[in-house]
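Working notes, beginning with the structure itself.
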Protein chains: 2
Amino acid sequence: MNDTSFNSRDCGTCPIRHRAVCSRCEPDELEHLDDIKYYRTYEAGQPVIWAGDPMEFVASVVTGIATLSQTMEDGRTQMVGLLLPSDFIGRPGREHAPFDVVAVTDLTLCCFRKKPFEDLMGSTPSIGGRLLQMTLDELDSAREWMLVLGRKTAREKIASLVMIIARRDAALHKRLPKDGMEFDLPLTREAMADYLGLTLETVSRQISALKKSGVIQLQGKRQVHIPDLQRLVSETGDDVDGGHIF
Amino acid sequence: MNDTSFNSRDCGTCPIRHRAVCSRCEPDELEHLDDIKYYRTYEAGQPVIWAGDPMEFVASVVTGIATLSQTMEDGRTQMVGLLLPSDFIGRPGREHAPFDVVAVTDLTLCCFRKKPFEDLMGSTPSIGGRLLQMTLDELDSAREWMLVLGRKTAREKIASLVMIIARRDAALHKRLPKDGMEFDLPLTREAMADYLGLTLETVSRQISALKKSGVIQLQGKRQVHIPDLQRLVSETGDDVDGGHIF
DNA sequence: CGCGAATTTGACCCGGTTCAACTGCTGTGG
DNA sequence: CCACAGCAGTTGAACCGGGTCAAATTCGCG
């Protein structure tokens with residue numbers, strides 16, 4: 001319940017202002033959004049929504065990380081989305097949540113009551129347009145993820161995940177990924193396993209293997225150091241050039 | 001090059017009029033779309049776009065089936081989209097195609113030149129709104145597909161695919177899937193393997209196994225008969241109730 | 001210091017891949 | 001009318017990558 005600065009209701013100082021669903025809004029449009037928004041915080045490990053629950057709001061992730069996942073009756077679970085700051089939760093025009101949303105770290109959401117948000121979207125093209133763009137981007141990354149799940153080996157899966165996190169970390173600091181970069185793996189071994197369609201034991205083994213062959217170096221369990229980015233890319237199995245422009 | 005009736009440029013008789021990206025358009029809006037549209041046909045097996053190609057158009061599938069897929073350097077390929085009539089190809093605001101698109105059957109597209117389409121989208125909320133809705137639906141099904149790829153056994157994968165095709169076939173005829181229904185598998189064993197992240201041998205074996213245990217019956221290689229739908233659902237590993245409302 | 005959770009490591013096993021042979025269908029040409 | 005090539009699909013046998021089960025280790029923390 002520690003209200004940090006971004007909880008000031010001031011969109012001007014919002015850390016996700018330039019990337020979130022509201023990024024194209026003019027000042028007067030922001031005011032309308034402001035009328036229907038409220039912040040909500042969750043502790044690490046807490047559920048945000050269960051699949052099937054009625055959704056009374058949509059939201060942007062302001063700080064922290066959440067996961068979107070599905071679980072079968074027998075307990076097998078597959079992560080289907082990794083929600084980082086500026087990502088959008090929920091969908092206009094649907095009553096019930098299709099997947100579970102869980103806070104992985106402490107989490108702050110900027111929530112909008114669903115009905116008013118839908119109305120506002122109807123009258124504000126800059127919101128709908130931005131949401132379409134974000135959704136198309138997510139669809140593209142979901143499709144890349146499908147290649148990882150369906151066709152890559154365990155080692156390639158781990159290398160791909162490290163690379164994805166490296167890219168996002170670099171983007172967060174507004175620079176390109178480069179040799180020697182360091183960053184944190186924000187997920188437990190089990191969460192990585194759920195992300196990649198593996199068991200946590202396999203994740204652990206492959207991380208050890210990548211460490212032993214010098215592709216990555218570890219400080220502690222979570223801090224990663226990449227001596228040679230090109231080497232890591234080649235371990236992902238992806239085309240060395242094309243595809244990822246940024 | 002056999003111009004069938006829907007090639008008459010008449011949106012009034014278009015078979016996908018009620019589901020495609022244009023489904024919310026008013027008559028005057030349709031006229032604007034009409035100005036920038038043209039039909040294109042492809043024979044079964046022909047490529048529509050290669051990943052990385054510049055895209056000069058976006059399009060709706062009118063008749064036939066296409067696949068969206070990714071291939072790694074060593075030839076491993078993963079299907080990431082199955083495009084049926086009314087589905088949309090391409091994305092406004094992107095220059096290059098991210099994935100390969102290939103016609104599986106003979107295919108007719110209703111194409112719109114990209115730039116004019118983007119302009120029209122800016123001035124016609126009913127197009128952007130419908131496209132957002134379609135994209136969100138696709139994202140949801142991509143996420144269900146991720147569970148299939150990441151966590152299901154070969155047998156569950158095959159049962160899931162049969163079920164998906166059964167649902168779509170039923171929806172096409174505007175009714176619910178039911179016991180005793182029959183339909184065609186529109187994909188080769190290899191295409192099913194690419195869809196499910198399996199080898200074609202495993203697909204063949206599991207289809208035989210489902211046939212032997214009476215879950216499905218086959219007339220020829222492609223025609224499927226489902227004696228007991230509930231039995232098939234239970235083979236998919238999915239929750240018997242929740243989830244799929246329609 | 002000692003507990004519990006996260007992680008690592010080991011040994012064994014199995015589902016799905018790999019490689020290869022075979023079946024059956026369809027179309028083509030002598 | 002048949003021979004035969006070519007392709008989709010089936011089936012078999014051996015192999016192996018990753019899962020499973022179990023135990024050891026590390027780490028954070030009261």
Side-chain angles (χ1 to χ4, degrees), chain A residues 43-45 67 72 74-78 102 104-106 148-162 184-213 216-224 235 237, chain B residues 43-45 65 67 72 74-78 102 104-105 148-162 184-213 216-224 235 237:
Chain A
E43 289 175 24
T67 61
M72 299 170 68
D74 61 7
R76 284 176 280 175
T77 86
Q78 175 63 53
V102 177
V104 176
T105 62
D106 287 348
V148 173
L149 289 173
R151 293 303 188 192
K152 290 193 178 181
T153 64
R155 172 179 261 245
E156 289 169 340
K157 284 179 175 183
I158 296 292
S160 299
L161 177 56
V162 173
D184 245 40
L185 295 177
L187 302 175
T188 64
R189 300 288 184 263
E190 186 178 23
M192 294 186 229
D194 287 344
Y195 189 110
L196 297 170
L198 296 171
T199 59
L200 64 90
E201 292 94 332
T202 299
V203 170
S204 177
R205 276 187 252 272
Q206 295 299 335
I207 287 179
S208 298
L210 286 177
K211 184 172 64 175
K212 190 153 70 179
S213 45
I216 60 175
Q217 290 163 22
L218 294 183
Q219 272 95 50
K221 306 288 182 192
R222 299 291 191 88
Q223 181 81 359
V224 180
E235 292 283 357
Chain B
E43 288 177 24
I65 298 179
T67 60
M72 299 170 68
D74 62 8
R76 282 175 281 175
T77 87
Q78 175 64 53
V102 177
V104 176
T105 64
V148 173
L149 289 172
R151 294 301 189 191
K152 290 194 178 181
T153 65
R155 171 179 261 245
E156 288 169 340
K157 285 180 176 183
I158 297 291
S160 299
L161 176 56
V162 173
D184 245 42
L185 295 175
L187 302 174
T188 64
R189 300 289 184 260
E190 185 179 23
M192 294 187 231
D194 287 344
Y195 189 112
L196 298 170
L198 295 170
T199 60
L200 65 89
E201 293 93 333
T202 300
V203 169
S204 178
R205 276 187 252 272
Q206 295 299 335
I207 288 178
S208 298
L210 285 177
K211 184 173 62 175
K212 191 154 67 177
S213 45
I216 61 176
Q217 291 164 20
L218 293 183
Q219 272 94 51
K221 307 289 182 192
R222 300 290 192 89
Q223 182 80 0
V224 180
E235 293 283 355

In whole Å, I'd like the distance from the CZ atom of A:R151 to the P atom of C:dG16. 13 Å

Interatomic distance, CG@A:L198 vs CE@A:M192, rounded to 0.5 Å, equals 11.0 Å

Rounding to a whole Å, what distance do you find between B:R155:CZ and C:dG15:P? 12 Å

May I have the distance from A:K152 (atom NZ) to D:dG18 (atom C1'), rounded to whole angstrom? 18 Å

Measure NZ/B:K212 against P/D:dT10 and give the value in whole Å, please. 13 Å

Without decimals, in angstroms, what is the distance between A:D194 CG and D:dG18 P? 17 Å

Mind calculating the distance between CD (B:Q223) and P (D:dA8) to the nearest angstrom? 20 Å

Regarding B:G197, tell me which of base, sugar-phosphate or nothing describes its non-hydrogen contacts under 4.0 Å with the strands shown. sugar-phosphate

In this structure, how many angstroms lie between the P atom of C:dC14 and the CD atom of B:Q206, rounded? 17 Å

All N/O pairs under 3.5 Å across the protein-nucleotides 2-9 of chain C interface:
| residue | atom | partner | partner atom | Å |
| --- | --- | --- | --- | --- |
| C:dT7 | OP1 | A:R222 | NE | 3.3 |
| C:dT7 | OP2 | A:R189 | N | 3.0 |
| C:dT8 | OP1 | A:R189 | NH2 | 3.1 |
| C:dT8 | OP2 | A:R189 | NE | 2.7 |
| C:dT8 | OP2 | A:S204 | OG | 2.6 |
| C:dT8 | O5' | A:S204 | OG | 3.1 |
| C:dT9 | OP2 | A:S208 | OG | 2.9 |

State whether the number of non-hydrogen atoms from other residues, nucleotides or ligands found under 6.0 Å of A:E190 atom CD is greater than 12. no

With B:R189, which residues qualify under salt bridge (Lys or Arg N to Asp or Glu O under 4.0 Å), at least two apart? none

Please round to the nearest 0.5 Å and tell me the distance separating atom CG of B:L185 and atom CG of B:L161. 7.0 Å

Output a table of donor-acceptor pairs, distance under 3.5 Å, between side-chain atoms of residues 200-208 of chain A and any protein atom two or more places apart or on a different chain; print 'none' if there are none.
| residue | atom | partner | partner atom | Å |
| --- | --- | --- | --- | --- |
| A:T202 | OG1 | A:T199 | OG1 | 3.0 |
| A:S208 | OG | A:S204 | O | 3.0 |

How close or far is atom C1' of D:dG18 from atom NZ of A:K157, stated in whole angstroms? 9 Å

In Å, rounded to the nearest 0.5 Å, how long is the span from CG of B:L210 to CG of B:L218? 9.5 Å

